[in-house]
Amino acid sequence: MRNQIHLLSAFALFLLITYLFAEEYVPSKQFVIYLVVMLVCAVLPDILEPPTSRWHRAFFHSKRCLKCVLVLAIVGCAIGMRSGNYTLLFAALGYLVHLLEDATTKAGLPR
Ligand SMILES: [Zn+2]
């Protein structure tokens, strides 16, 4: 899947999350940082494993990695609720968007 699609869907998810949950809690400087972190992490799997062939998907595109990132998202949410810093949560969500979109392709995600 193309990086533009990953970026666009991560951006849409970011807008949705900030609209629904964070309009009062996110100062504008942090808003930009969270957005940049989420967009970078939305393309990170393809930076770590460039899509040079159909078989480029290894650990960083795997279901195992998906589970690790899910745990990171939960930890990031807990950290954010305690300290007000949601950077880890948005990083994990960006990465999750990428993996979930790649999972919908014909090649899917390896174990
Ligand atoms: Zn990918």
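Whatever order the structure lists ligands and atoms in, that order sets their numbers, starting from 1. Numbers here simply count residues along the sequence, with the first being 1.
Of all N/O/S atoms in Asp102, OD2 sits nearest the Zn ion (ligand 1).
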* Tell me, with the steps shown, if Asn85 and Tyr34 meet side chain to side chain contact (heavy atoms under 4.5 Å, CB included). => CA-CA 9 Å; Asn85 186 341; Tyr34 294 158; 3.8 Å; yes
* Full working for side chain to side chain contact (heavy atoms under 4.5 Å, CB included) between Arg57 and Thr105 -> CA-CA 12 Å; Arg57 293 178 181 170; Thr105 62; 3.0 Å; yes
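At a cut-off of 3.5 Å, with distance as the only test, a side-chain donor of Asp46 or His61 sits close to an acceptor on the other residue.
Residue contacts to the Zn ion (ligand 1): Asp46 brings an N, O or S atom closer than 2.8 Å. At least one N/O/S atom of His98, whether from backbone or side chain, sits less than 2.8 Å from the Zn ion (ligand 1). Among the backbone and side-chain atoms of Glu101, none of the N, O or S atoms lies under 2.8 Å from the Zn ion (ligand 1).
Remark: aromatic rings of Phe90 and Phe31 are distant, center separation not under 6.0 Å.
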